[in-house]
Amino acid sequence: MKPKFKDLKFTSEKELEKWVALNKFKVIDLKDIGQDMLQIIIHKSGEIINCNFHSGIYNGKFVHIDSLKVGEPLML
């Protein structure tokens with residue numbers, strides 16, 4: 001799949017936050033085992049639209065929504 005949202009530009013953090021709030025499908029909170037990323041926000045298509053660390057790397061990647069299970073590894 002090709003990402004639809006990766007190259008969107010926002011004029012402020014507030015504008016980004018508003019857009020994410022309107023387009024989020026699921027918020028995935030990761031267990032803190034020493035990594036820097038603790039939250040991923042995905043669109044209903046499975047595309048990552050925001051995360052709290054390295055968003056330039058992860059935004060636009062896809063999560064296998066059907067495989068999401070609490071306590072299981074996240075499949076990209």
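Starting from 1, each residue takes its place in the sequence as its number.
Atom CG of N52 sits about 5.0 Å away from atom CG of L38, to the nearest 0.5 Å. If you take CE on M37 and OG on S55, they are separated by 9.0 Å, rounding to the nearest 0.5 Å. Note that the NZ atom of K4 and the CD atom of E47 stand 8.0 Å from one another [nearest 0.5 Å].
Note on L16 and I41: same hydrophobic cluster, where clusters join Ile, Leu, Val, Met, Phe, Trp and Tyr whose side-chain heavy atoms are under 4.5 Å apart, directly or indirectly. Linking ILVMFWY residues whenever their side-chain heavy atoms come closer than 4.5 Å, directly or via other members, places I65 and L76 in the same cluster. Under the 4.5 Å side-chain heavy-atom criterion for grouping Ile, Leu, Val, Met, Phe, Trp and Tyr, L30 is not connected to I49 through any hydrophobic cluster.
Of the residues L74, N23, L68, the one that meets the side chain to side chain contact (heavy atoms under 4.5 Å, CB included) test with I42 is L68. The only member of W19, F5, F25, F62 that meets ring pair (Phe, Tyr, Trp, His ring centres under 6.0 Å) when paired with H43 is F5.
Smallest separation of non-hydrogen atoms from K6 and G56: CE-O, 4.5 Å. When all heavy atoms of P3 and G60 are compared, the closest pair comes out as CB-O, 3.5 Å.
A donor-acceptor pair under 3.5 Å is absent between the side-chain atoms of E72 and the main chain of S67, judged by distance alone.
Under the 4.5 Å side-chain criterion, counting only non-hydrogen atoms from C-beta, Q39 is not in contact with I28.
The 12-atom threshold is not exceeded at OH of Y58, counting heavy atoms of other residues, nucleotides or ligands nearer than 6.0 Å.
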